[in-house]
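In what follows, a single structure is set out as structure tokens and then discussed.
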There are 2 protein chains.
Amino acid sequence: MTDSPSQRPGKRERLVEAAVRAFHEQGVEKTTLADIARAADVPLGNVYYYFRSKDLLVEAAVEAHCDRLTALTNRLDALPDPAARLKALIEGWVGQRETAARFGCPFGTLATELDKRDDGLDLAAAQVMRALLDWVERQFGELGRPDARALAVELVAAYQGMSVLTNILRDPGLMAAQGARLTSWIDALAGS
Amino acid sequence: MTDSPSQRPGKRERLVEAAVRAFHEQGVEKTTLADIARAADVPLGNVYYYFRSKDLLVEAAVEAHCDRLTALTNRLDALPDPAARLKALIEGWVGQRETAARFGCPFGTLATELDKRDDGLDLAAAQVMRALLDWVERQFGELGRPDARALAVELVAAYQGMSVLTNILRDPGLMAAQGARLTSWIDALAGS
DNA sequence: GTCTATACGCCGATAGAC
DNA sequence: GTCTATCGGCGTATAGAC
């Protein structure tokens, strides 16, 4: 609401976007409000008009990840069959392998960092992760697998794990190779 | 070296141990030198006699992880066959599932955090990760698998991924279930 | 609503007595 | 070698003019 008429996205939106990016690239703890303000082209003092504390900006960043996930799954739901949806999900991950090699999974690294903080935002992050698991589980369920939940955990864990390794070793090729493995794994499961 | 004779472990060792623990539980960025000094029962100012900067303490913590890994693989090498070694490795991971649920993988979360820092310690962390991958690869090689490296990446990534999910969802049961899956996966690979 | 200037606390690091 | 006291800088947050 309340976008001023003849301007680029409102300051609030710019701040959240800058925060998401900075948290991904530098981590929450190393990111200062000055960093975010500069990236969003908003004066430092003015940040506090939109977010009364840094924690509230972190919370907004988590919500942004949640929205992003919802948008993604909505797009994937347009695909005809569940196997295609899962493979498209993997393809999306692999497509981000260069930034993953540099900064890790945008959501995974954030959630991991939140688990070491005092704020209660780790719970919100867990909710988002559960939403992803639920969606993946639904796809495996539509494929007729009774062990859909376990397979969902296996797939998402494989992604998080290859993100960690890709990041630590700075090797996007690792994610490409593991992505290919997961894709043929989906094919094998769907074909059986 | 230079442990004073009739005393508990030297201050340097206590500081490193406290640092490893604090970095795991709170993260590097949130951990202050005062935290470490207190946990090690060393006066704050004295820390700088042993480590001229916080970065050097972080470096020492990475080296400690490296030593810990070497000690582990040495122990596992005493086991008769490679499949048993790999399953013992997994068993060790699962045995740590309660702390993993609370704080994640001690080394994975540290390495991930180092990747967002300016110091060059991410390279040292990558070396340690590579050492683990090399050892696991050797086991798969001894099992006669030509795709030993890919399997090693798959196993370690699975562990890192389930650590992330276990941590975010605060669910040690997830790691137990995935560990069981990996164990029977090893059995299937070794039996074929 | 917007922005500047600044208060205030915390933390890494140092000085220097013992 | 050990420890206390403290400096200096940075980062969150606020006060208050416009």
Side-chain angles (χ1 to χ4, degrees), chain A residues 1-23 25-62 110 113-114 116-121, chain B residues 1-23 25-62 110 113-114 116-121:
Chain A
M1 60 188 86
T2 71
D3 267 7
S4 50
S6 58
Q7 233 177 324
R8 49 182 175 166
K11 294 189 178 181
R12 191 188 174 88
E13 286 76 9
R14 297 210 308 275
L15 284 169
V16 173
E17 194 181 353
V20 168
R21 184 186 186 90
F23 292 160
E25 298 186 354
Q26 323 180 22
V28 174
E29 224 64 49
K30 285 209 60 157
T31 298
T32 69
L33 292 178
D35 290 337
I36 297 172
R38 186 165 8 88
D41 198 30
V42 169
L44 174 57
N46 202 358
V47 170
Y48 286 89
Y49 176 76
Y50 297 95
F51 301 95
R52 285 189 320 254
S53 73
K54 185 179 179 178
D55 271 10
L56 289 176
L57 245 177
V58 178
E59 186 177 1
V62 173
L110 175 61
E113 206 180 348
L114 293 184
K116 302 207 192 287
R117 282 175 67 98
D118 303 349
D119 51 39
L121 265 34
Chain B
M1 58 187 85
T2 73
D3 267 8
S4 49
S6 60
Q7 233 177 321
R8 47 181 176 165
K11 293 190 180 182
R12 190 188 173 88
E13 286 76 9
R14 297 211 308 275
L15 285 168
V16 173
E17 195 180 354
V20 167
R21 184 187 187 91
F23 292 160
E25 299 185 355
Q26 324 179 22
V28 175
E29 224 65 48
K30 285 208 59 156
T31 298
T32 68
L33 292 178
D35 290 336
I36 297 172
R38 185 164 11 87
D41 198 30
V42 169
L44 174 57
N46 202 359
V47 171
Y48 286 90
Y49 177 75
Y50 297 95
F51 300 94
R52 286 190 319 260
S53 74
K54 185 178 179 178
D55 272 11
L56 289 176
L57 246 176
V58 178
E59 187 177 358
V62 173
L110 175 61
E113 205 179 349
L114 293 184
K116 302 206 192 286
R117 280 174 71 97
D118 302 350
D119 51 39
L121 266 33

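Treat the numbers as computed from the prediction; the structure is a model and nothing was measured. Lettering follows sequence order; numbering is per chain, from 1.
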_Less than 4.0 angstrom between a side-chain N/O of B/Tyr50 and OP1 or OP2 of D/dT2, yes or no?_
yes

Would you say a side-chain N or O of B/Tyr49 is under 4.0 Å from OP1 or OP2 of D/dG1? yes

Between [options], which one does the side chain of [X] approach most closely?
X       : options               : value
B/Lys11 : D/dT12, D/dT2, C/dC11 : D/dT2
B/Leu44 : C/dG1, D/dT12, C/dA13 : C/dA13
A/Asn46 : D/dA13, C/dA13, C/dC3 : C/dC3
B/Pro43 : C/dA13, D/dC3, C/dC3  : D/dC3
B/Leu33 : C/dA13, D/dT14, D/dG1 : C/dA13
B/Thr32 : C/dG12, D/dT12, C/dG1 : C/dG12

Side-chain contact, heavy-atom cut-off 4.5 Å: [X] with [Y]?
X       : Y        : result
A/Glu29 : A/Arg117 : yes
B/Leu57 : B/Val47  : yes
B/Lys54 : B/Ile36  : no

Are the charged groups of B/Asp41 and B/Arg38 less than 4.0 angstrom apart, N to O? no

